[in-house]
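A short worksheet on the structure shown next.
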Amino acid sequence: MKDITIPGGKDADKARKLMRVFSPLTGAEMQDEYPVARSEEVQYAVEQAMAAFPVYAAMPGTRRADFLVAIGEEILTLGDDLIQRAMAETGLPESRLIGERGRTIGQLGQFAHLIREGSWVEAILDPADPERKPFPKPDLRQMLQPLGPVAVFGAGNFPLAFSTAGGDTASALAAGCPVILKAHEGHLGTNALVSRAIRLAAERTGMPRAVFQYVVGDGYITGRELVAHPGIKAAGFTGSFTGGKALLQVANERPDPIPFFAEMGSTNPVVVLPDAMASRGEVIGQQLVWSFTLNAGQFCTNPGLIIVREGEGMDHMIAAMHEAVLARQAELMYGQGIRRNYDQRTRDMLETKGVTLIGKGPDGGPLDGQATLARINAVDFLLQPSLQHEVFGPFSLLVVCPDDPSLQQVLHALGGQLTATLMAEPSDLEGRSELVRELVSRCGRLVWNGVPTGVEVSPAMHHGGPWPASSDSRFTSVGTQAIRRWVRPVSYQNLPEAFLPEALQSHNPLKIWRRIGMEWTR
């Protein structure tokens with residue numbers, strides 16, 4: 001089997017479809033060619049991952065942790081070559097990509113620390129009681145075990161932190177699951193560099209060669225082949241609602257359905273209440289414009305919906321937003337399709353009944369996203385559910401609610417969200433406790449007097465939300481709790497000590513925190 005994952009490899013022949021990356025910086029395709037994986041090659045990659053799984057899963061957490069740290073070191077060794085390549089392929093600014101590289105390496109380190117310590121397996125020992133009447137109580141021990149090979153779909157808007165060695169890959173490798181990545185078409189060169197770094201790290205630390213593989217895919221076809229393969233036991237996806245829902249259906253229609261964790265974006269509503277608006281409306285307005293236009297609005301947590309409870313200071317806030325939008329320079333978007341979709345969705349919004357334009361920023365080049373802010377009243381918003389659909393880019397819709405009942409109606413009509421934000425003073429919440437409960441029921445993260453852009457990699461972070469923001473609101477794709485997506489609980493009943501995993505053996509050789517009965521102890 002030839003190595004199909006290296007650009008320009010031996011299989012890059014005339015009979016094979018090749019892909020090139022369009023550079024938003026130059027407005028032209030880059031010269032490197034990447035061979036598209038054939039169906040039999042996708043199947044072979046999964047078979048290799050299946051063979052690697054029992055070897056990799058059986059390795060101590062300390063060895064897998066060494067592997068994760070080594071990946072971070074190899075990524076750092078790529079130096080400026082990685083940053084410049086990512087800039088050329090996505091148009092994202094250098095400072096943003098340097099920060100994203102740091103985040104990628106940082107989250108690898110966090111998972112390494114987690115699995116070195118070991119308590120993440122949630123070991124539970126429930127001792128036997130042979131004297132119990134009328135029936136003896138068996139010895140039961142439970143812990144989390146890895147599922148098997150995982151398919152990961154790289155994200156377009158985060159070429160490092162949500163892509164090749166991003167959170168999905170890092171958490172799956174930490175759990176003990178080999179990864180097959182479907183490289184995102186928008187940054188294949190960046191993917192190739194990071195993939196080589198992962199392979200070098202695997203060689204350095206003695207991991208199975210097939211612990212990580214990647215394929216260049218032909219749109220939905222390759223994704224479907226991966227998710228449908230019986231050797232794949234779970235999948236992680238960050239992208240559009242349409243793509244995520246289609247692959248979720250494939251996962252559910254398999255003879256053996258598998259977990260499919262899709263993060264599909266949201267409008268991330270911001271609720272602005274009267275006392276906050278009266279005391280600092282101009283500051284709030286400027287803050288929100290900065291947030292929804294940052295990096296051309298290409299964030300899944302972009303605040304695309306601003307819900308205002310009408311009151312004193314509203315006109316000043318909107319005037320400040322208008323001024324800030326007019327001053328906001330257009331920024332490069334990371335792909336031709338992304339820009340086309342943004343233009344079409346913005347036009348659709350502005351042509352919808354009741355929507356009026358507050359302001360547009362200066363136009364830019366053919367791939368630049370133009371900052372746009374529009375307005376609608378609560379009644380018209382409620383009559384048109386299409387206004388809830390995400391506009392991926394520097395756009396936000398301001399919904400004006402004349403009173404509390406209309407505000408409550410708007411919140412109740414919202415679908416699931418990754419985030420919701422409250423711009424409020426403590427006095428704003430007097431008599432409005434139901435509003436907070438409504439927001440909590442709609443989101444995975446509730447922000448108080450801040451902006452939702454920026455997702456901290458933290459054990460307490462939840463990056464997910466009710467449908468359609470994500471396919472399973474119980475799990476996060478950011479932070480160390482993301483490891484729980486790739487594992488399942490297994491109970492052992494009355495097994496001899498010699499056959500138990502170390503985490504469940506009575507003398508606790510790993511010295512990890514475990515629950516014995518109802519008590520946590522080492």
Is the side chain of [X] donor-acceptor paired with the backbone N or O of [Y] at a distance under 3.5 Å, no angle test?
X    : Y    : answer
R103 : I98  : no
T222 : G217 : no
Q417 : G415 : yes
T293 : A296 : no
T238 : G236 : no

Ion pair present between [X] and [Y], side-chain N to carboxylate O less than 4.0 angstrom?
X    : Y    : answer
D66  : R204 : no
E122 : R515 : no
E203 : R199 : no
R485 : D168 : yes
E225 : R38  : no
R85  : D80  : no
R522 : E117 : yes

Minimum heavy-atom distance between [X] and [Y], given as atom pair plus value:
X    : Y    : answer
V211 : A202 : CG1-CB, 4.1 Å
I83  : E94  : CG2-CG, 3.9 Å
P24  : L367 : CA-CD1, 3.6 Å
L147 : A234 : CD1-CB, 3.9 Å
L160 : L97  : CD1-O, 3.8 Å
L173 : L68  : CB-CD2, 3.9 Å

E185/F22 under side chain to side chain contact (heavy atoms under 4.5 Å, CB included): CA gap, chis, key distance, verdict: CA-CA 9 Å; E185 295 86 345; F22 177 87; over 6 Å; no

Can [X] and [Y] be counted as having a side-chain donor-acceptor contact under 3.5 angstrom?
X    : Y    : result
R445 : T419 : no
W486 : S171 : yes
H229 : Q43  : no
N191 : T164 : yes
T453 : S291 : yes
E89  : T190 : yes

Could you go through L422 and N449, starting from their C-alpha distance and side-chain angles, then the distance that decides it, and tell me whether this counts as side chain to side chain contact (heavy atoms under 4.5 Å, CB included)? CA-CA 6 Å; L422 258 179; N449 285 332; over 6 Å; no

Between [X] and [Y], is any pair of side-chain heavy atoms under 4.5 Å apart?
X    : Y    : value
M87  : L92  : no
E253 : Q249 : yes
L18  : Y34  : no
R514 : S119 : no
P269 : R442 : no
L305 : V270 : no
E74  : R196 : no
I338 : F392 : yes

Cation-aromatic face contact R339/Y334, 6.0 Å, 45 degrees: no

Test W290 against Q287 for side chain to side chain contact (heavy atoms under 4.5 Å, CB included), laying out the working first. CA-CA 5 Å; W290 174 85; Q287 200 176 4; 5.6 Å; no

Output, in order, the C-alpha distance, side-chain angles, deciding distance and verdict of ring-ring contact (aromatic ring centres under 6.0 Å, His included) for F158 and F299. CA-CA 9 Å; F158 279 84; F299 293 93; 5.8 Å; yes

Once the angle between the rings of F212 and Y214 is folded into 0 to 90°, is it parallel (under 30°), tilted (30 to 60°) or perpendicular (over 60°)? tilted

For the [atom1] atom of [X] and the [atom2] atom of [Y], what is their distance to the nearest 0.5 Å?
X    : Y    : atom1 : atom2 : answer
I180 : M50  : CD1   : CE    : 10.0 Å
R488 : K233 : CZ    : NZ    : 10.0 Å
T421 : N268 : OG1   : CG    : 7.5 Å

ring-ring contact (aromatic ring centres under 6.0 Å, His included) between W467 and F241, intermediate numbers included: CA-CA 10 Å; W467 181 271; F241 175 74; 5.5 Å; yes

Assess whether side chain to side chain contact (heavy atoms under 4.5 Å, CB included) is satisfied between R141 and L500, documenting all intermediate values. CA-CA 9 Å; R141 307 183 186 207; L500 288 170; 3.7 Å; yes

Is the count of non-hydrogen atoms from other residues, nucleotides or ligands lying under 6.0 Å from R116 atom CZ greater than 12? yes

